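All values reported here derive from a predicted model rather than from experimental measurement.
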Amino acid sequence: MVEIKTEAELALMREAGRVVAQTLDAVKEAATIGVSLRELDEVAAQVISAAGAKPSFLHYQPRSAPTPYPGVICASVNDVVVHGIPTAYRIQDGDLVSIDTGAILDGWNGDAAISFVVGTADPADLALIEATERALAAGIAAAQPGAKLGDISYAIGTSGRASGYGMLEDHGGHGIGRAMHEDPHLANEGRAGRGMRLKPGLALAIEPMLTRGGDAYRHAEDGWSLLTVDGSRAAHVEHTIAITEDGPRVLTVR
């Protein structure tokens, strides 16, 4: 069931989104060479708690997951596309790091992700991140009232493929609100003009994932992390947005 939010409810989601943005900024600042992913998780936990919010990811367990998620953030490094668990791994010079996190404030969720390189950057990694950010921007721009859900998918997929990158075909974004994952599912590739019509009050998490190699991925032994099969590096960026009469409104910014 797709839930349409009121302006008052979107305002509450905006505050949750602000906490998410602050958390991602703090984690990126703390992500230096030698810092462990677990230490980054602790930074995120502190920021979310200080804001009077709760982490969306911690102990989350969808039907497809073998165990509850053990972290506040997803910390995906290099060939890990998404859902990387924050472990004792220490960041090395040149690592491509993707951080995804969510926060619940006053019963409403925000969800966003960023990708960045720590230390000496491979230009190819920077190009990958920039292309993923362009795909996100294209998806957001397509999220206009009266458009179709498939228009967003088409914009993301067209942008990512035009840049020459691989994509995880069966992964994408989702509705969001009182629950972190709500209907509808938002594919990262699709046909324009298809799917439900976008109405003001619909909140969506838009999240393209691009790889420097192919589309194939595998599940790690931890039951959560998704890795590229060919070992190529990946990037993941995300914003929670709302459809409004005036166009898309990004909720996960400071």
Side-chain angles (χ1 to χ4, degrees), residues 20 23-24 27-28 30-31 33-45 48 55-103 111-119 122 124-125 128-129 131-132 135-136 160 165-174 180-181 185-189 205-238:
V20 171
T23 303
L24 291 174
V27 170
K28 182 177 180 180
I33 296 169
V35 171
S36 74
L37 302 182
R38 193 167 291 145
E39 289 169 333
L40 295 183
D41 196 66
E42 292 170 356
V43 168
I48 291 172
S56 302
F57 293 7
L58 187 63
H59 306 314
Y60 177 68
Q61 186 176 12
R63 286 177 293 179
S64 59
T67 58
Y69 190 73
V72 172
I73 61 172
C74 290
S76 305
V77 180
N78 297 331
D79 61 338
V80 181
V81 187
V82 287
H83 303 161
I85 291 176
T87 64
Y89 175 84
R90 295 192 176 277
I91 296 174
Q92 300 179 33
D93 186 31
D95 276 348
L96 195 168
V97 179
S98 297
I99 302 295
D100 187 3
T101 196
D111 187 6
I114 57 174
S115 288
F116 54 90
V117 177
V118 177
D122 182 340
D125 287 340
L128 171 67
I129 294 170
T132 312
L136 175 60
Y165 295 107
M167 302 181 72
L168 275 61
E169 292 182 356
D170 55 348
H171 285 74
H174 50 89
M180 180 170 58
H181 291 110
H185 170 70
L186 174 58
N188 279 336
E189 288 191 277
I206 303 177
E207 50 179 325
M209 309 154 198
L210 303 185
T211 76
R212 282 174 56 183
D215 297 352
Y217 66 93
R218 64 182 178 87
H219 292 265
E221 292 182 0
D222 61 28
W224 280 96
S225 306
L226 302 184
L227 298 86
T228 59
V229 167
D230 57 14
S232 61
R233 292 191 168 191
H236 171 216
V237 294
E238 176 183 17

Give, for atom [atom1] of [X] and atom [atom2] of [Y], the distance between the pair rounded to the nearest 0.5 Å.
{"X": "N78", "Y": "D122", "atom1": "CG", "atom2": "CG", "value": "10.5 Å"}
{"X": "R212", "Y": "T228", "atom1": "CZ", "atom2": "OG1", "value": "10.5 Å"}
{"X": "I73", "Y": "S56", "atom1": "CD1", "atom2": "OG", "value": "13.5 Å"}
{"X": "H59", "Y": "F57", "atom1": "NE2", "atom2": "CZ", "value": "14.0 Å"}
{"X": "N188", "Y": "M167", "atom1": "CG", "atom2": "CE", "value": "5.0 Å"}
{"X": "E238", "Y": "M209", "atom1": "CD", "atom2": "CE", "value": "7.5 Å"}

Would you name the heavy atoms of V72 and P55 that are closest together and state the gap between them?
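Answer, listing the atom of V72 first, then P55: CG1-CB, 3.8 Å.
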Can a salt bridge be assigned to the pair R233 and D125 using a cut-off of 4.0 Å between side-chain N and carboxylate O?
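Looking at D125 together with R233, the answer is yes, because their closest N to O distance falls below 4.0 Å.
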Between H181 and Y60, does the ring centroid distance fall short of 6.0 Å?
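For H181 and Y60, the ring centres are under 6.0 Å apart.
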Using distance alone, with no hydrogens and no angle criterion, decide if [X] and [Y] have a side-chain donor and acceptor under 3.5 Å apart.
{"X": "S76", "Y": "S98", "answer": "no"}
{"X": "D95", "Y": "Y89", "answer": "yes"}
{"X": "D170", "Y": "Y217", "answer": "yes"}

Could you go step by step and tell me if H83 and Y69 meet the ring-ring contact (aromatic ring centres under 6.0 Å, His included) rule?
CA-CA 9 Å; H83 303 161; Y69 190 73; 7.7 Å; no
